[in-house]
S.K.: 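This is the structure I have questions about; it appears just below.
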Amino acid sequence: MRITILFFATLRDIVGARQIRLDLDGSTDSIQALRRELSSRYPAAADNLSVALAAINEEFAFDHDRLSDGDEVAFFPPVSGGSDNEEKGPEIFRLARAPFNHDELVAAITTAQTGAVCIFTGTVRGQTAREGHLPQTAYLEYEAYEPMAQSKMKQVAAEIRARWSKVEGIAIVQRIGKLDVGDNTVLCACSSPHRDDGCFEAARYGIDRLKEIVPVWKKEVGGAGETWIEGDYRPASSDKRPQ
């Protein structure tokens with residue numbers, strides 16, 4: 001069978017390719033077997049492959065999951081777009097390559113019933129404390145597994161609505177590409193009729209969940225060199241989208 005394999009972040013750098021296609025025999029029929037096959041082909045990437053997260057056709061996959069002809073398989077480290085469904089309320093999910101406008105996003109998730117909007121937004125730091133040092137950051141480089149990232153943003157919104165039924169609008173925006181110090185990087189905003197209707201808690205949950213399951217990574221570039229920043233969250237089967 002023939003499959004397409006995508007590599008992200010550190011693995012992309014080690015393998016030296018973002019995408020490869022492989023013809024596999026019948027013995028390489030699972031994610032676990034594919035890890036072994038790729039480790040033999042790319043020995044320098046073996047340690048990273050052993051702990052990398054996997055996805056099959058834009059959904060989290062696990063070592064026992066089987067492969068089929070034509071599958072797209074992605075390997076990546078732990079994680080470090082809009083909807084017109086008015087019944088749920090306005091939703092925005094965006095991977096942005098340019099700075100976003102906070103006021104425009106707030107306006108987009110505000111309805112006639114909105115009395116409160118809570119926003120979390122991140123920016124690029126010029127210094128990041130690490131191992132007792134404060135290395136200077138020149139810029140960040142963000143990349144995403146884009147189709148899966150969009151899908152997982154929608155999953156985060158669905159989880160928010162399941163927990164806070166009075167939340168009206170939801171906006172989740174993640175920058176990708178090269179970002180300079182001071183640039184905005186991410187936003188999670190939630191609107192509700194009143195401040196006590198869950199918008200604070202929902203926005204906090206949204207950004208925390210984004211950092212767990214939305215496949216986006218950043219590379220820090222500065223005087224000390226460049227480093228991919230990888231997380232440590234390991235998805236469980238419960239992190240898959242409900243079918």
Side-chain angles (χ1 to χ4, degrees), residues 1-81 83 93-95 142-160 162 172 174 176 186 205-219 228-243:
M1 66 182 160
R2 170 167 286 193
I3 65 172
T4 299
I5 304 172
L6 305 178
F7 300 105
F8 293 92
T10 307
L11 274 169
R12 183 195 68 185
D13 289 351
I14 297 173
V15 172
R18 173 75 175 264
Q19 175 180 302
I20 63 172
R21 288 185 173 85
L22 286 183
D23 291 311
L24 303 174
D25 60 28
S27 64
T28 307
D29 61 353
S30 68
I31 289 293
Q32 184 176 46
L34 182 57
R35 287 185 199 272
R36 290 195 296 266
E37 174 66 22
L38 291 171
S39 294
S40 68
R41 291 172 180 255
Y42 304 100
D47 289 343
N48 297 80
L49 284 164
S50 69
V51 298
L53 306 186
I56 299 176
N57 300 327
E58 302 171 15
E59 185 52 86
F60 287 124
F62 303 91
D63 280 354
H64 61 274
D65 287 338
R66 296 292 176 178
L67 301 173
S68 299
D69 185 54
D71 279 347
E72 178 182 87
V73 181
F75 287 101
F76 46 82
V79 170
S80 69
S83 169
F93 311 109
R94 187 180 300 168
L95 293 167
Y142 279 84
E143 77 163 349
Y145 182 13
E146 295 190 32
M148 186 175 176
Q150 290 275 359
S151 175
K152 288 300 176 183
M153 287 179 176
K154 294 176 183 178
Q155 180 179 330
V156 171
E159 292 177 3
I160 287 173
I172 303 174
Q174 171 68 57
I176 55 177
V186 66
Y205 177 90
I207 189 62
D208 288 347
R209 196 70 169 127
L210 181 148
K211 296 291 186 180
E212 290 177 342
I213 68 170
V214 177
V216 176
W217 309 271
K218 67 180 178 183
K219 178 190 286 185
W228 284 104
I229 306 302
E230 301 176 1
D232 55 11
Y233 182 80
R234 310 299 299 184
S237 57
S238 59
D239 290 320
K240 288 187 174 183
R241 294 190 308 273
Q243 299 300 314

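FYI, the numbering just counts along the sequence from 1.
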S.K.: As an exercise, state the distance from NZ of Lys219 to OG1 of Thr10, rounded to the nearest 0.5 Å.
M.R.: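 That separation rounds to 8.5 Å.
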
S.K.: Check salt bridge (charged side-chain N to carboxylate O under 4.0 Å, His left out) between Glu146 and all other residues, then give those that pass, not counting sequence neighbours.
M.R.: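 Applying salt bridge (charged side-chain N to carboxylate O under 4.0 Å, His left out) to Glu146 gives Arg97.
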
S.K.: Evaluate side-chain contact (heavy atoms from CB on, under 4.5 Å) for Arg2 paired with Asp69, printing each intermediate quantity in order.
M.R.: CA-CA 5 Å; Arg2 170 167 286 193; Asp69 185 54; 4.0 Å; yes

S.K.: Which heavy-atom pair separates Ala54 from Ile31 by the least distance, and what is that distance?
M.R.: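 Heavy atoms only, the tightest pair is CB-CG2, 4.0 Å.
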
S.K.: Rounded to the nearest 0.5 Å, how far does CE of Met153 lie from CD of Gln174?
M.R.: 6.0 Å

S.K.: Indicate the atoms forming the closest heavy-atom contact of Met1 with Asp29, along with that distance.
M.R.: CE-CA, 4.0 Å

S.K.: Mind checking what makes ring pair (Phe, Tyr, Trp, His ring centres under 6.0 Å) contact with Phe7, not counting sequence neighbours?
M.R.: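 Partners of Phe7 by the ring pair (Phe, Tyr, Trp, His ring centres under 6.0 Å) criterion come out as none, since no residue qualifies.
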
S.K.: Using the ring of each side chain (for Trp, its six-membered ring), is Phe76 parallel, tilted or perpendicular to Tyr145, with breaks at 30° and 60°?
M.R.: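 Phe76 vs Tyr145 ring planes: tilted.
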
S.K.: Look at Arg21 together with Glu72 and state whether they make a salt bridge at an N to O cut-off of under 4.0 Å.
M.R.: no

S.K.: Hey, are the side chains of Arg234 and Pro78 touching, using non-hydrogen atoms and a 4.5 Å cut-off?
M.R.: yes

S.K.: When you look at Phe60 and Lys152, which way does the side-chain contact (heavy atoms from CB on, under 4.5 Å) test go after all the steps?
M.R.: CA-CA 10 Å; Phe60 287 124; Lys152 288 300 176 183; 3.7 Å; yes

S.K.: Mind listing the closest non-hydrogen atom pair of Ala144 and Arg18 along with its distance?
M.R.: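 Scanning both residues completely, I find the closest heavy atoms to be O-NH2, 3.5 Å.
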
S.K.: Salt bridge between Asp239 and Arg209, side-chain N to carboxylate O under 4.0 Å?
M.R.: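 Result for this pair is yes, salt bridge flagged.
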
S.K.: Counting only N and O atoms by type, is there a donor-acceptor contact under 3.5 Å from the side chain of Trp217 to the main-chain atoms of Pro77?
M.R.: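 Yes; at least one donor-acceptor contact below 3.5 Å.
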
S.K.: To the nearest 0.5 Å, what is the distance between CH2 (Trp228) and CG (Leu11)?
M.R.: 11.0 Å

S.K.: Minimum heavy-atom separation for Ala61 to Ile56, with atom names?
M.R.: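 Residues Ala61 and Ile56, closest heavy atoms: CB-CG1, 3.5 Å.
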
S.K.: So, the side chain of Asp71 versus the backbone of Val73: is there a donor-acceptor pair under 3.5 Å, distance only?
M.R.: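 No: the side chain of Asp71 does not pair with the backbone of Val73.
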
S.K.: Any donor-acceptor pair under 3.5 Å linking the side chain of Asp65 with the backbone of Phe62?
M.R.: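 Such a contact is found between Asp65 side chain and Phe62 backbone.
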
S.K.: Test your reading of the model: is there a side-chain donor-acceptor pair from Glu59 to the backbone of Arg241, 3.5 Å cut-off?
M.R.: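 Yes, the answer is positive, given that a donor and an acceptor are paired below the 3.5 Å cut-off.
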
S.K.: Checking side-chain contact (heavy atoms from CB on, under 4.5 Å) for the pair Leu38/Ile20: CA distance, chi angles, key distance, verdict?
M.R.: CA-CA 11 Å; Leu38 291 171; Ile20 63 172; 4.2 Å; yes

S.K.: Please check: side-chain N/O of Arg35 versus main-chain N/O of Asp63, any donor-acceptor pairing under 3.5 Å?
M.R.: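 Judged by distance alone, no pair lies under 3.5 Å.
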
S.K.: Could you go step by step and tell me if Leu34 and Ile3 meet the side-chain contact (heavy atoms from CB on, under 4.5 Å) rule?
M.R.: CA-CA 10 Å; Leu34 182 57; Ile3 65 172; 3.8 Å; yes

S.K.: Within a radius of less than 6.0 Å around CG of Asp25, do more than 12 heavy atoms belonging to other residues, nucleotides or ligands occur?
M.R.: yes

S.K.: Measuring from atom CD of Gln155 to atom CD1 of Ile160, what distance do you get when rounded to the nearest 0.5 angstrom?
M.R.: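 One finds 11.5 Å between CD of Gln155 and CD1 of Ile160.
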
S.K.: Sequence neighbours left out, what pairs pass side chain to side chain donor-acceptor pair (under 3.5 Å) with at least one residue falling in residues 40-52?
M.R.: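 Sorted result for residues 40-52: Glu37-Arg41.
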
